[in-house]
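Worksheet: one structure, shown below.
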Amino acid sequence: MKFFIDTANLEDIKEAQTLGVLDGVTTNPSLMAKEGITGKDNILKHYLAICTIVDGDVSAEVISTDFDGMVREGEELAALHEQIVVKLPMIADGIKACKYFSDKGIRTNVTLVFSAGQALLAAKAGATYVSPFLGRLDDISTDGMHLISEIREIYDNYAFNTQILSASIRHTMHVVNCAKVGSDVMTGPLSSIKGLLKHPLTDIGLNQFIEDAKKMQL
Ligand code: G3P
């Protein structure tokens, strides 16, 4: 399973990259706004800065909600850097734009997916990635993991190439469960990646080894 980090924070991206397990980055307008980035030039510069830190795909989301606007923005974003993946909302014009970009060989990420039917449409339109929002379904007492399993089953039935990019990951068990059901990618905050490191028995065991190593008088 690929690990993407879901942030526009350059320090977090650098830290995940340094760990050596990072395969890509996803952003969205909320995450960009959180970093206080304003103005088109600064936003484009920020995407470029992200591309220089990480080797893999970087999802950059369009703001427009109409086909022409999405195509205009998406083409500009895709031309910015070869690592950029155009992120499109799961609406009719987003699906049309997805098909347009897919026909042109431009990679896409269809976002705000909350049902298996939406994921099926995104795959039919040739999406490179589909982003089901796991945590936001859990937030409303709906089993987000079940959706990931349903999409996995549908994509496997028809050998769709679209990769399941499980998004809205909130914690390490989301990451582990995504791996169990065969999600192709997970994108989460740095804490969800670093949380995988933690186990008290690892810390207790290491302390014991360090103490015992002292007896070896190396
Ligand atoms: O990638 C989508 C993600 O940013 C949404 O996460 O935590 O806002 O539901 P969240």
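When a ligand or atom number is given, it counts from 1 through the structure's own listing order.
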Q: Could you check atom 6 (O) of ligand 1 against the protein and tell me its nearest heavy-atom contact, residue, atom and distance included?
A: Ser168 CA, 3.4 Å

Q | Minimum-distance protein heavy atom relative to atom 7 (O) of ligand 1 | A | Arg170 NE, 3.0 Å

Q) For ligand 1, is any non-hydrogen atom under 4.0 Å from Asn28's backbone (N, CA, C, O), its side chain (CB onward), both, or neither? A) side chain

(Q) Quick check on side chain to side chain donor-acceptor pair (under 3.5 Å): which of Asp6, Asn109, Thr111 does Thr26 satisfy it with? (A) Asp6

Q) Given side chains that start at C-beta, do those of Val175 and Phe3 come closer than 4.5 Å, heavy atoms only? A) yes

Q. Going by atom types only, do Tyr129 and Asp57 share a side-chain donor-acceptor pair under 3.5 Å?
A. yes

Using residues 84-94 as the side-chain source, report each donor-acceptor pair under 3.5 Å to any protein atom, sequence neighbours left out, with the distance given to one decimal.
unit_1, atom_1, unit_2, atom_2, d
Lys87, NZ, Thr27, O, 2.9
Asp93, OD2, Phe67, N, 2.7

Q | Distance filter under 4.0 Å to Ala167 heavy atoms, resulting ligand 1 atoms | A | 1 (O), 2 (C)

Please report, to 0.1 Å, the donor-acceptor pairs under 3.5 Å made by any side chain of residues 189-205, with sequence neighbours excluded.
unit_1, atom_1, unit_2, atom_2, d
Ser192, OG, Pro189, O, 2.7
Lys194, NZ, Glu15, OE2, 2.7
His199, ND1, Leu201, N, 3.1

Q. Which atoms of ligand 1 sit under 4.0 Å from any heavy atom of Arg136?
A. 5 (C), 8 (O), 9 (O), 10 (P)

Q. For atom 4 (O) of ligand 1, what is the nearest protein heavy atom, given as residue, atom name and distance?
A. Asp6 OD2, 2.5 Å

Q) Under 6.0 Å from the CG atom of Asn157, do we count more than 12 heavy atoms belonging to anything else shown? A) yes

Q | Ligand-residue contact atoms, ligand 1 with Phe133, heavy atoms, under 4.0 Å | A | 2 (C), 5 (C)

